[in-house]
J.: 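Just dropping this structure here.
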Amino acid sequence: MSAQIPIAVRDRVSDRAKKTLDLVAKFVEEDCIPADAVFEAQVGVGDARWQNHPQVLEDLKTKAKSLGLWNMFLPKGHYKESPGFTNLEYGLMAEWLGKSRVASEAVNCAAPDTGNMEVLAKYGNDAQKAQWLRPLMDGHIRSAFLMTEPQIASSDARNIELKMEKVGDDYVLNGQKWWSSGAGDPRCKVYIVMGKSDTQNKDAYRQQSVILVPADTKGITIHRMLSVYGYDDAPHGHGHITFHNVRVPATNMVLGEGRGFEIIQGRLGPGRIHHAMRTIGAAERALEWMLMRINDPTKTPFGKLLREHGVILEWVAKSRIEIDAARLIVLNAAVKMDEQGPKAALTEIAQAKVLVPQMALTVIDRAVQSFGGAGVSQDTPLANMWAQIRTLRLADGPDEVHLQQMGRNENRRGKAVANKINSQRMKTEQLMEQYKVKKTEIGSNIQRSKI
């Protein structure tokens with residue numbers, strides 16, 4: 001809630017945002033979390049799960065709209081469609097949304113729609129906005145994002161192979177995609193697709209384009225829904241899809257041919273930070289479950305409550321430290337995005353993208369361990385939370401890609417820091433002579449480095 005906003009950023013949060021944050025927290029705790037199990041029950045079992053749209057979610061949306069909790073994610077100052085919150089302010093709200101499966105969609109702030117709406121708001125033309133952005137913002141339809149491909153190393157987007165060939169007034173698409181998030185939902189009406197439109201372009205970053213493809217276009221086949229550690233996320237789903245001579249009007253091209261990398265980078269930056277924000281909330285919820293378990297009077301292994309066993313309170317303390325530290329990394333990235341834009345905050349976003357899921361997995365794993373067999377079963381939300389967050393270490397670029405880039409950027413300081421240290425060592429030698437003292441054995445290694 002607003003009283004828990006870290007002191008480091010509290011003065012950057014408006015009174016309106018604080019009131020909204022309190023509403024979000026209350027809505028999630030009192031309405032969304034209790035509805036999670038109802039949502040699962042209404043989805044049902046078997047193939048029908050891909051056609052069901054739980055009524056409980058629609059009822060939550062109605063209440064969310066009445067509370068003014070809708071589309072909070074579009075940042076102030078960057079989009080004319082924005083509700084007026086900064087990335088920082090939405091980040092604080094998103095943390096609460098991450099505590100519930102249904103909360104994000106209930107307030108129309110669920111992936112991949114958030115990223116797709118940002119693409120349309122930032123890069124779409126008026127006709128594209130009228131056809132797709134407005135229905136998405138109203139919550140009448142859903143969307144999918146298609147980038148990853150099974151036959152190539154998609155961590156390097158230059159490898160993308162789906163072909164976009166210009167034929168008359170259309171583009172004809174051929175290829176396949178997988179991990180197409182949202183493609184299983186019967187309300188999914190549009191795919192945002194990245195493919196290669198100019199394989200001969202000497203600039204490898206100008207070969208790709210992004211195009212809007214209506215989900216019911218002839219030639220599209222959804223072969224299967226992929227599971228995440230056994231969870232299929234129905235009715236949302238992650239589809240394996242092929243395109244066979246799929247014909248799309250050239251007017252559906254976003255921004256222009258060859259602008260794919262520009263668009264995707266513009267999309268993935270905010271998307272990564274949104275995932276990180278929600279993941280903080282998931283970690284908080286895991287800690288809450290652990291606290292409940294270790295204080296349960298019916299669970300007394302070896303005659304003691306779990307909290308009385310040596311390592312357990314250490315787990316709690318470490319989890320508290322790790323969550324709070326990760327939160328500050330996320331909020332720092334959000335502030336920089338607000339002040340300088342997502343492009344200027346790539347390093348800070350990458351830090352959050354790498355650190356936060358690893359932190360949350362550690363916290364969740366401790367909670368699982370405290371529950372024993374129940375922790376890996378369907379009797380707690382912990383196993384599902386772990387599976388979903390483990391995916392984030394791959395989504396929007398694997399950790400290793402971001403670490404490599406951050407490492408290269410940090411290493412650029414190598415020559416400068418070597419020069420600084422050598423200068424300090426020379427000054428030490430001069431001071432030694434000035435004060436007529438000799439080096440001691442301790443700390444005497446002042447050999448200069450050359451870079």
Side-chain angles (χ1 to χ4, degrees), residues 4-13 86-88 91-92 95 155-156 265 268-270 272-273 276-277 279-280 283 310-311 313-363 366 393 396-451:
Q4 299 171 352
I5 297 172
I7 190 68
V9 297
R10 193 171 297 168
D11 62 351
R12 294 174 177 270
V13 181
T86 64
N87 281 297
L88 170 64
L92 295 164
E95 178 178 327
S155 56
D156 181 353
Q265 284 302 113
L268 293 183
R272 289 172 185 134
I273 202 73
M277 293 162 174
T279 301
I280 296 289
V311 74
L313 290 182
E314 181 181 326
W315 288 358
V316 172
K318 285 183 175 179
S319 298
R320 180 76 276 149
I321 292 168
E322 290 158 3
I323 292 171
D324 288 352
R327 178 184 292 110
L328 293 176
I329 287 284
V330 174
L331 297 181
N332 179 63
V335 169
K336 191 160 184 180
M337 289 170 68
D338 287 329
E339 293 188 350
Q340 300 180 32
K343 189 173 182 180
L346 288 178
T347 295
E348 290 75 13
I349 292 170
Q351 290 172 350
K353 193 275 177 195
V354 172
L355 175 69
V356 174
Q358 293 185 12
M359 172 280 297
L361 290 171
T362 299
V363 173
R366 292 183 187 128
R393 294 191 59 205
D396 297 342
D399 288 358
E400 292 73 17
V401 171
H402 299 286
L403 288 168
Q404 186 179 46
Q405 184 61 52
M406 281 191 287
R408 282 200 298 263
N409 290 341
E410 187 69 12
N411 191 55
R412 291 186 180 123
R413 300 195 307 124
K415 184 175 182 179
V417 298
N419 289 339
K420 179 184 72 173
I421 292 170
N422 287 332
S423 176
Q424 291 167 340
R425 287 170 169 173
M426 290 178 64
K427 186 64 177 290
T428 296
E429 292 176 349
Q430 293 169 2
L431 290 170
M432 289 283 188
E433 293 178 5
Q434 178 182 340
Y435 289 99
K436 297 181 171 53
V437 294
K438 295 181 179 180
K439 293 177 292 184
T440 63
E441 290 299 321
I442 299 174
S444 64
N445 183 11
I446 60 170
Q447 181 180 358
R448 296 190 187 96
S449 297
K450 295 181 179 180
I451 294 182

J.: With rounding to the nearest 0.5 angstrom, report the CD to CG distance, Gln424 to Leu431.
T.: 11.5 Å
J.: Would you please test Glu339 and Arg12 for salt bridge (Lys or Arg N to Asp or Glu O under 4.0 Å) and show each step?
T.: CA-CA 11 Å; Glu339 293 188 350; Arg12 294 174 177 270; 2.8 Å; yes
J.: Would you check, one step at a time, whether the test side chain to side chain contact (heavy atoms under 4.5 Å, CB included) holds for Arg320 with Ile323?
T.: CA-CA 5 Å; Arg320 180 76 276 149; Ile323 292 171; 3.6 Å; yes
J.: Mind listing the closest non-hydrogen atom pair of Val330 and Ile273 along with its distance?
T.: O-CD1, 4.0 Å
J.: For Asn332 and Gln351, which I'm curious about, is there any donor-acceptor pair between the side chains at under 3.5 Å?
T.: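 Not at all, the side chains of Asn332 and Gln351 share no donor-acceptor pair under 3.5 Å.
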J.: If I take atom CG from residue Asn422 and atom CZ from residue Arg425, how far apart are they, to the nearest 0.5 angstrom?
T.: 6.0 Å
J.: Taking atom CG of Leu346 and atom NZ of Lys343, what is their separation to the nearest 0.5 Å?
T.: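 If we round to the nearest 0.5 Å, Leu346:CG and Lys343:NZ are 8.0 Å apart.
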J.: Tell me, with the steps shown, if Glu348 and Val335 meet side chain to side chain contact (heavy atoms under 4.5 Å, CB included).
T.: CA-CA 10 Å; Glu348 290 75 13; Val335 169; over 6 Å; no
J.: Are any side-chain N or O atoms of Ser423 and backbone N or O atoms of Asn419, one a donor and one an acceptor, separated by less than 3.5 Å?
T.: no
J.: For Met277 and Ala334, which heavy atoms make the closest approach, and how far apart are they?
T.: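 Looking at all heavy atoms of both residues, the shortest contact is CE-CB, 4.1 Å.
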J.: Please give me the minimum heavy-atom distance between Lys353 and Pro357, naming the atom from each residue.
T.: O-CD, 3.0 Å
J.: Between Glu314 and Lys318, does a salt bridge (Lys or Arg N to Asp or Glu O under 4.0 Å) hold up when you go through it step by step?
T.: CA-CA 6 Å; Glu314 181 181 326; Lys318 285 183 175 179; 3.0 Å; yes
J.: Kindly indicate, with the supporting measurements, whether the criterion side chain to side chain contact (heavy atoms under 4.5 Å, CB included) is fulfilled by Arg327 and Val356.
T.: CA-CA 8 Å; Arg327 178 184 292 110; Val356 174; over 6 Å; no
J.: Which value, rounded to the nearest 0.5 Å, describes the distance between Leu92 atom CG and Thr86 atom OG1?
T.: 8.0 Å
J.: Going from CD on Gln430 to CD on Gln434, what distance comes out if it is rounded to the nearest 0.5 angstrom?
T.: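 Separation between the atoms: 9.0 Å.
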J.: Could you verify whether a donor N or O on one side chain and an acceptor N or O on the other, from Arg412 and Asn409, lie under 3.5 Å apart?
T.: yes
J.: If I compare all heavy atoms of Ala283 with all of Val363, which pair ends up nearest, and what's the gap?
T.: O-CG1, 3.7 Å
J.: Looking at Glu433 and Lys438, does any basic side-chain N land under 4.0 Å from a carboxylate oxygen?
T.: no
J.: So do the side chains of Arg366 and Ser319 get within less than 4.5 Å of each other, counting heavy atoms only?
T.: yes
J.: Ion pair present between Asp396 and Arg272, side-chain N to carboxylate O less than 4.0 angstrom?
T.: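 No, this pair does not count.
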J.: Shortest non-hydrogen contact from Leu88 to Asp338?
T.: N-OD2, 3.0 Å
J.: First locate atom CD1 of Ile349, then atom NZ of Lys336, and finally report the distance between them rounded to the nearest 0.5 Å.
T.: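 Here the interatomic distance stands at 9.5 Å.
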J.: So which heavy atom on Ala326 is nearest to which on Met359, and how close?
T.: CB-CE, 3.7 Å
